[in-house]
Number of protein chains: 2
Amino acid sequence: MKATVPITTAQLRSACSQCNLLELCLPFGMDEQEIQRLDELVGTRRKVKRQQPLYRAGDPFEAIYAIRVGWFKTDVVLEDGREQVTGFQMTGEMLGLDGISTETHSCNAIALEDSEVCVISYSRLEELSREFEGLQHQFHKVMSREIVRDHGVMMLLGSMRAEERLAAFLLNLSQRFTARGFSGVDFHLRMTRDEIGSYLGLKLETVSRAFSRFQEEGMVEVQQKHVRLVDLPQLRKLIQHPVGR
Amino acid sequence: MKATVPITTAQLRSACSQCNLLELCLPFGMDEQEIQRLDELVGTRRKVKRQQPLYRAGDPFEAIYAIRVGWFKTDVVLEDGREQVTGFQMTGEMLGLDGISTETHSCNAIALEDSEVCVISYSRLEELSREFEGLQHQFHKVMSREIVRDHGVMMLLGSMRAEERLAAFLLNLSQRFTARGFSGVDFHLRMTRDEIGSYLGLKLETVSRAFSRFQEEGMVEVQQKHVRLVDLPQLRKLIQHPVGR
DNA sequence: CGCGAGTTTGAAATTCTTCAAGATCGGTGG
DNA sequence: CCACCGATCTTGAAGAATTTCAAACTCGCG
């Protein structure tokens, strides 16, 4: 664990105008001047240690969050303890949109590794997006994208079998890593088999077996959390032409 | 099939200010004067016959829709023909939010019975919601509610077994019928077993069997599409205390 | 009255889960 | 530096849930 380096307030304040996540984040589509105004929107950053919550179901909703560095999972927990992971979020992605509807967060957001987020005051965001068409539009797109993503997950959970689900999951990660300039064929999973299983509606053993089968078939190389996608086309085929249906 | 009655343009134009769906729809939270301005937002209504699409995946996105009367399903279809129903929408609910993100609809919206929707120009909605805080806020809530709903469906698909899924589905319908002033214990399903199955990630036979079991246990009375929920508490218990886990 | 779409039911097949036992990894302390 | 620990992961075998296949039934409608 790194020692915490004291930082000044100035450092704590984010500058959207200088952030390299610009195109992935809210400011996309705004002009330079507008983006400068955005700096007032993002009040502070916040660090969240591995396994710690950024927010919890039931917390009052005040802000949404843009991930600067790190990984999170969001999950919903039933009374009887069953957990459903509803998503994994990485650098450049948004968290907290679930809270707008009831002004209370409806899921937990937990850091999968030491992470840092930009805190975006929701009331300020609404104000500013009444002023800037570009911001408004981009924000709506971000919300809509989340809805579309969720439909994809429903497809996965409702219509695919175990190996297809895992293949789809890996391809999705691959695409997101690529979009952020990381390798899309060689990466490190931040989540456990159990968490993947929860997300995919499978038991951890089933996830593990699917990984093993992929490895046997020479599609991926897996060593615990490290994954190498050796045969992307084959993985894609797996989804489009599922065996035996 | 009813004969199409000729209607005047005046009738075709919706008047939000006079609509009895006010509290269920976008205008919620706006004052009277603001709502009058809304009338310019909703250009026209549109009738959609049973089995006909309101929009299809790939269609350019221009408007969102508020259902005045009727029922729809939204679905995503994979290349190999597998269909995943992503939702069932009834009177007072919104359709089309999926299109904002890419300016192209990402799913199909099909009428389950002869229906009628208010067509809400999206660009006008963005304009007006820059002007009216109440409208803006309500619109954001509607989108966020959709996200929360989707998380609920993921929970259902990922963590529940067949009978729990059906129970949750029936309770959800019950609650929505009640919210609209219809009976929440005695209603007519607009969708087939196959569509329910697709939504719940089950085969139609499994849905049918679950219905039969509920009937045997005296929780519901089913006759084809007609459903009577005889023992709501028992149905609720089924979700919270699933058997054998 | 019969047709067809939609539904129900049974029995066999399949997929996934459960239970159980080891294996592996990263980190910790002697 | 190495042995050990807990957490995580893998693998096998048995069991359970769901699907598949097949056949019969029901109901509204022409």
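Lettering of chains follows the sequences in order, A, B, ..., and the numbering in each one begins at 1.
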Please confirm whether the backbone N or O of [Y] pairs with a side-chain atom of [X], one donor and one acceptor, at under 3.5 Å?
X: B:D75; Y: B:E83; result: no
X: B:R68; Y: B:S115; result: no
X: A:R180; Y: A:T91; result: yes

Atom-pair distance ([atom1] on [X]; [atom2] on [N]), nearest Å:
X: B:L202; N: D:dA17; atom1: CG; atom2: C1'; result: 11 Å
X: A:L200; N: C:dT15; atom1: CG; atom2: C1'; result: 16 Å
X: B:E216; N: C:dG10; atom1: CD; atom2: C1'; result: 13 Å
X: A:E195; N: D:dC9; atom1: CD; atom2: C1'; result: 14 Å
X: B:R209; N: D:dC21; atom1: CZ; atom2: P; result: 13 Å
X: B:H226; N: C:dT8; atom1: NE2; atom2: P; result: 14 Å
X: B:L112; N: C:dG6; atom1: CG; atom2: P; result: 12 Å
X: A:E205; N: C:dA21; atom1: CD; atom2: P; result: 14 Å

By nearest heavy atom, map A:G201 and B:D194 onto DNA chain C; which one lands nearer the 5' end?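 The answer here is B:D194.
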Between A:R165 and A:Q224, which is nearer to the 5' end of DNA chain C once each is assigned its nearest nucleotide?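 Taking each residue's closest nucleotide, the earlier one in sequence belongs to A:R165.
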Side chain to side chain contact (heavy atoms under 4.5 Å, CB included) assessment of A:D98 paired with A:F61: CA-CA 9 Å; A:D98 58 280; A:F61 169 71; over 6 Å; no
Taking atom types as they are modelled, would you say the side chain of A:R213 forms a donor-acceptor pair with the base of D:dT11 within the 3.5 Å cutoff?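 Not at all, since no donor on one side and acceptor on the other fall under 3.5 Å apart.
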Under 4.0 Å between any heavy atoms, over every strand shown, what does [X] touch: base, sugar-phosphate, or nothing? Just pick one.
X: A:Q223; value: nothing
X: A:S212; value: sugar-phosphate
X: B:S208; value: base
X: B:G197; value: nothing
X: B:L204; value: base

Heavy atoms from C-beta onward define the side chain here; which of C:dT15, C:dT9, C:dC19 lies closest to that of A:R161?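 Looking only at side-chain atoms, A:R161 lies closest to C:dT15.
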Based on the rotation axes of five pairs at each end, what angle does the helix from C:dC1-D:dG30 to C:dG30-D:dC1 bend through, to 10°?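 The angle separating the two end axes equals 30°.
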Walk me through whether A:F182 and A:F187 qualify under ring-ring contact (aromatic ring centres under 6.0 Å, His included). CA-CA 8 Å; A:F182 300 110; A:F187 47 83; over 10 Å; no
So, is [X] near the phosphate of [N], with a side-chain N or O under 4.0 Å from OP1 or OP2?
X: A:K203; N: C:dT18; result: yes
X: B:K225; N: D:dG28; result: no
X: A:R193; N: D:dT10; result: yes
X: A:T206; N: C:dC16; result: no

Can you tell me which residue among B:R228, B:Q215, B:H226 is in a side-chain hydrogen bond (donor to acceptor under 3.5 Å, both in side chains) with B:E221?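 Among the candidates, only B:R228 passes.
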Would you mind checking if A:E93 and A:R145 are paired as a salt bridge, meaning a charged N to carboxylate O distance below 4.0 Å?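 The answer is no: the pair does not qualify as a salt bridge.
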Derivation and outcome, side chain to side chain contact (heavy atoms under 4.5 Å, CB included), residues A:Y65 and A:Y55: CA-CA 10 Å; A:Y65 306 91; A:Y55 57 81; 3.6 Å; yes
